[in-house]
Number of protein chains: 2
Amino acid sequence: MSKGSFRQQMLQVREDAIVASVNRLLAEKGFDMMTVDEVAADVGIAKASLYKHFASKEALAAAAMVRVLQRTQEVVRLQSQRAGASAADRLREVARWALQELLAGEMPTLPAQNSTLRAELMADKDYLELLMQVSEQLGEWIVQAQADGQIDRALPPELVLYTLYARACDPVPAVLKAGGQYGDAQIVDWVLATCFDGLAGRRA
Amino acid sequence: MSKGSFRQQMLQVREDAIVASVNRLLAEKGFDMMTVDEVAADVGIAKASLYKHFASKEALAAAAMVRVLQRTQEVVRLQSQRAGASAADRLREVARWALQELLAGEMPTLPAQNSTLRAELMADKDYLELLMQVSEQLGEWIVQAQADGQIDRALPPELVLYTLYARACDPVPAVLKAGGQYGDAQIVDWVLATCFDGLAGRRA
DNA sequence: GTCTATAGCCAGATAGAC
DNA sequence: GTCTATCTGGCTATAGAC
């Protein structure tokens, strides 16, 4: 649990830089189109050196996914400490953060279908542990929000959870941003509205 | 405009079979993971023969996209002829059809980011023409539904349009189906509800 | 651990006989 | 037009010197 020697700290800093690059490239191009050469060039080291830190391209992506889950967990923790917020409020703020990350090009998007990558992620204990913790907290809020009448009681909580995860990788915000007509904050507000209130909008 | 000779009809039939295979493989694996060898094996011809019909892998995918737009246009045409349906009703039924295709594994999913593929699609006059026609009809319905108060007037029509297109490629239905707990019809109803009425549900 | 150089592989595309 | 066999390029991963 200690930070180890100065030498180990240097290594840690370099690995953080690698993961940050992978995170951005993954958000920009996706797993398949991202090449290890690009990552090495972006970090500024030789490709062979990358493989001293991470065993494979899949391991690189997995590290980036662990990192984004860690940041998600931190956002979730902050929301859980907010006083006077309903469960639905907390869910919406977590979703807002995810959309902001997405628009900033910081949300890695994985292909749902790449088998080698899925296998690596399903074998990664850190990833699974984090995913479970985040999902459990979100699940509690979903059930509570349904009890409060702020999330549709007819929907299975797992559908709500999957939908929130899916909106964090949605192509719509990027397409709208590419149009160039609207600012990030406006886009986030609109997409949040379509997510929680639907295309039909609030009719209360 | 004629169907041409018997020989040409045979060619047409074969090309239809190729495009049908590409459509399914594209839906199943996506553009990057789909290989031309798989397509050839699925159709039952040699890879070199494929290249006599289509100049590249991108051209194969483009043909499949034209085909799905043609089917979409037909669904849109049928909805436009429905008597006593509101614009919102028509939009919802088109979305329902798209979700059914998606769950049936017949909705090709393209990576939003592959540049060679985007270039090929943007250069395909058939594709662009169809996309424009479909988008114009849907756009009219969106504006009408906003006037009727059935689609949120605060949302730009283009956001509504992009959102509908995005939901036709959404990963949520497949994930829910993979869970095995729910039938296709139930999944379609729920996802349609989250799309139009939001996670919060109707509150009128 | 970092580098240069290269091995090994796979997939898109083509040559050339029939 | 269809086939078998092959070329070509790019990408992951590794060898081996320093």
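Quick note on labels: first sequence line is chain A, next is B, and so on, each numbered from 1.
Tyr51(B) and Ser56(B) share no side-chain donor-acceptor pair at under 3.5 Å.
For the pair Asp32(A) CG and dG12(C) P, the interatomic distance rounds to 12 Å; values are reported in whole Å. Lys52(B) places its NZ atom 12 Å from the C1' atom of dA13(C), with the value rounded to the nearest Å. Leu60(B) places its CG atom 14 Å from the C1' atom of dA11(C), with the value rounded to the nearest Å. Atom CZ in Phe54(B) sits about 16 Å away from atom C1' in dA13(C), given to the nearest Å. Residue Asp37(B) contributes atom CG, which lies 17 Å from atom P of dC9(C) at whole-angstrom precision.
Along DNA chain D, read 5' to 3', the first and last nucleotides having any atom under 4.0 Å from a heavy atom of chain B are dG1(D) to dT4(D).
Annotation: ring pair (Phe, Tyr, Trp, His ring centres under 6.0 Å) contacts of Trp190(B) (sequence neighbours excluded): Tyr182(B).
Toward the 5′ end of DNA chain D lies the nearest nucleotide of Ser49(B), the other residue of the pair Ser49(B) and Ser56(A) mapping further downstream. Nearest-nucleotide assignment on DNA chain D puts the 5′-proximal partner with Thr35(A), out of Ala48(A) and Thr35(A).
Atom CZ in Arg67(A) sits 7.5 Å away from atom CG in Asp16(A) (nearest 0.5 Å).
Met34(A) comes within 4.0 angstrom of the backbone, heavy atoms only, and of no base. If you check every strand for non-hydrogen atoms under 4.0 Å, Lys57(A) touches sugar and phosphate atoms only.
Closest heavy-atom contact between Lys57(A) and Asp32(A): NZ-O, 3.7 Å.
Distance alone, capped at 3.5 Å, places no donor-acceptor pair between the Glu140(B) side chain and the Gln137(B) backbone. No donor-acceptor pair closer than 3.5 Å links the side chain of Asp37(A) to the backbone N or O of Lys47(A).
Look at Tyr51(B) and you won't find any side-chain N or O under 4.0 angstrom from OP1 or OP2 of dT14(C).
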